Amino acid sequence: MTVTIVGSQLGDEGKGALVDLWGGDADIVVRYQGGDNAGHTVVEDGEEYKLSLVPSGAVRDKVGVLGNGCVINPRTLFSEIDDLRERGLDPDVRLAKRAHVIMPYHRRLDNIEEEAKADSDLTVGTTGRGIGPTYEDKAGRRGIRVGDLLDPDVLRQRLEYVVPKKKALIEDVYGLEAGEECDVEALVEEYTEIGRRLREDDMAVNCGDFLAERREAGDNVMFEGAQGTLIDIDHGSYPYVTSSNPTAGGAATGTGVGPTVVGQGEVVGIVKSYLSRVGEGPMPTELKDDARDEELADFIREKGGEFGTVTGRPRRIGWLDMPMLRHAARVSGFTGIAVNHLDVLAGLDEVKVGHAYELEGDERLTMPATTERWGECEPVLKEFDTWPEVDWAAVAEEGYEAIPDAAQDYLEYLSDELDVPIYAVGVGPGREQTVHIENPFDD
Ligand code: IMP
């Protein structure tokens with residue numbers, strides 16, 4: 001059995017909490033794309049864990065795998081693993097030998113390019129973690145893979161080819177001075193040592209084979225998508241996207257199982273009850289038109305803790321965007337959804353959703369394919385009855401029927417529009433603050 005978890009919006013939908021919740025029935029949790037640009041907070045027994053690379057299942061003693069579709073910064077990885085060990089956990093993390101490694105020059109170049117774009121509307125607002133430049137090198141066939149770290153001769157050969165090119169880029173194209181990120185000897189030394197640790201701890205695997213063996217032995221696998229549909233490199237709002245495929249197709253290409261394996265399982269879209277966005281790009285339902293909107297956005301931002309886990313940046317806030325969700329449900333083929341942060345909308349004076357868009361006098365239910373056209377869309381808002389603040393812990397305990405009626409109407413509208421059942425409703429940050437409806441691992 002497999003369950004794939006996909007962000008339906010722009011990332012930060014609260015995927016970690018559900019991965020952690022349902023991960024109880026998984027034996028292995030596999031990330032299939034992205035790197036330490038992701039940030040998930042898992043709350044367990046009142047302890048908060050902020051992770052960016054280690055799959056959140058590691059908090060629950062699962063095997064965590066970083067698939068070949070990921071880009072891995074070993075410095076971040078080992079710092080997170082060491083931190084978890086210090087807090088008494090013993091995470092079992094495996095890395096695909098085919099995954100690409102984020103090198104120090106990737107991070108430098110990410111920041112240099114953002115800086116170079118600063119005066120144009122091409123700025124992406126990246127997390128500065130070197131994600132884009134690493135995927136560029138992967139596609140350009142000049143990347144360093146986890147498997148290369150295990151063989152110092154191969155590592156040296158690859159670095160001796162690629163580093164002078166990065167140095168030239170930094171110095172000749174951008175007119176800056178290259179630093180220790182371009183020191184081949186220092187890189188060989190540091191990354192050979194990382195390779196030694198990977199070998200010693202038996203962490204590097206052939207991901208596809210590893211998963212096939214474990215599935216053969218009857219293990220349940222959860223594929224954990226990072227980021228969200230609208231920042232998918234193919235299906236998102238290009239160029240304001242990340243450089244990988246958070247949508248469900250990525251679970252196959254990013255791990256080495258067939259698409260039929262993913263498709264025979266459940267694909268659950270995680271939806272936040274409203275919208276948030278870090279970084280640039282259109283957001284038709286953004287709350288920013290007047291002082292009242294801004295006040296509402298501030299309120300939701302504070303109450304929902306809408307500040308980047310990785311960067312600390314305040315997130316932009318908007319109403320739920322249904323054309324976006326219809327797009328997400330189709331691209332990934334959702335079999336169900338989980339709706340998070342319902343409690344954050346409680347006690348507001350108004351609750352709306354963007355039901356459709358208006359573009360050049362036409363009403364449309366789905367998103368245009370170009371970002372420029374998307375930016376021209378005006379939301380057609382639908383207003384809902386508001387619901388009061390209640391004891392959400394009690395609601396989580398009592399179940400779906402205890403959710404205020406107006407909030408149930410909101411949820412049912414969502415489920416009807418997307419034509420999928422709701423498996424869980426998040427009413428607070430902790431795992432226990434979730435209304436359980438159905439566990440996707442149950443037959
Ligand atoms: P990058 O992934 O660092 O290259 O950033 C590309 C875009 O994706 C930027 O707009 C980031 O803010 C956004 N992004 C990357 N990771 C996340 C995430 O985990 N949550 C929300 N936005 C993200």
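Remember, it's 1-based here, ligands and their atoms both numbered in the order they're listed. Just so it is clear, the model here is predicted, and its values are computed rather than measured.
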Q. Is the shortest side-chain N to carboxylate O distance from Asp12 to Arg315 below 4.0 Å?
A. yes
Q. Please state which protein non-hydrogen atom is closest to atom 3 (O) of ligand 1 and give its distance, to 0.1 Å?
A. Thr127 OG1, 2.6 Å
Q) Should Asp12 be counted as touching ligand 1, given the test is an N or O pair under 3.5 Å? A) yes
Q: Name the orientation class of the two ring planes belonging to Phe223 and Tyr32 (parallel below 30°, tilted from 30 to 60°, perpendicular beyond 60°).
A: perpendicular
Q: Show which atoms of ligand 1 fall inside a sub-4.0 Å distance from at least one heavy-atom site of Val241.
A: 6 (C), 7 (C)
(Q) Set out, in order, the CA-CA distance, both residues' side-chain angles and the distance that settles salt bridge (charged side-chain N to carboxylate O under 4.0 Å, His left out) for Asp90 and Arg85, then state yes or no. (A) CA-CA 5 Å; Asp90 187 19; Arg85 287 205 174 125; 3.5 Å; yes
**Q.** Stepwise side chain to side chain contact (heavy atoms under 4.5 Å, CB included) test for Val268 and Trp22
**A.** CA-CA 11 Å; Val268 186; Trp22 293 324; 3.9 Å; yes
Q | Distance-only N or O hit between ligand 1 and Arg129, under 3.5 Å | A | no
Q.
Against ligand 1, does Arg313 come closer than 4.0 Å with any heavy atom?
A. yes
Q) Can a salt bridge be assigned to the pair Glu350 and Lys352 using a cut-off of 4.0 Å between side-chain N and carboxylate O? A) yes
Q | Residue Ile231 vicinity, atoms of ligand 1 by number, heavy atom under 4.0 Å | A | 8 (O), 13 (C), 14 (N), 22 (N), 23 (C)
Q. Which of the numbered atoms in ligand 1 are below 4.0 angstrom from a heavy atom of Leu10?
A. 21 (C), 22 (N)
Q. With a 4.0 Å cut-off on heavy atoms, does Gln227 reach ligand 1?
A. yes
(Q) Asn37 versus ligand 1: do any nitrogen or oxygen atoms come within less than 3.5 Å of each other? (A) yes
Q: Would you check whether Val124 has a nitrogen or oxygen atom less than 3.5 angstrom from a nitrogen or oxygen atom of ligand 1?
A: yes
Q) Which atoms of ligand 1 sit under 4.0 Å from any heavy atom of Ala38? A) 19 (O)
Q. Any side-chain donor-acceptor pair under 3.5 Å between Thr123 and Glu114?
A. no
Q) Which pairs count as salt bridge (Lys or Arg N to Asp or Glu O under 4.0 Å) when at least one residue sits in residues 326-338, sequence neighbours excluded? A) Arg326-Glu417
Q. Quick one: ring-ring contact (aromatic ring centres under 6.0 Å, His included) partners of Phe384, sequence neighbours excluded?
A. Tyr410, Tyr413
Q) Cation over ring, Lys165 on Tyr161, under 6.0 Å and within 45°? A) yes
Q. Does Asp110, backbone or side chain, put an N or O under 3.5 Å from an N or O of ligand 1?
A. no
Q: Distance to 0.1 Å, residue and atom name: give those for the protein heavy atom nearest to atom 2 (O) of ligand 1.
A: Thr242 OG1, 2.6 Å
Q) Does at least one non-hydrogen atom of Gly125 fall below 4.0 angstrom from an atom of ligand 1? A) yes
Q: Compare all side-chain heavy atoms of Ser276 with those of Val278 and state whether any distance is below 4.5 angstrom.
A: no
(Q) Thr126 versus ligand 1: do any nitrogen or oxygen atoms come within less than 3.5 Å of each other? (A) no
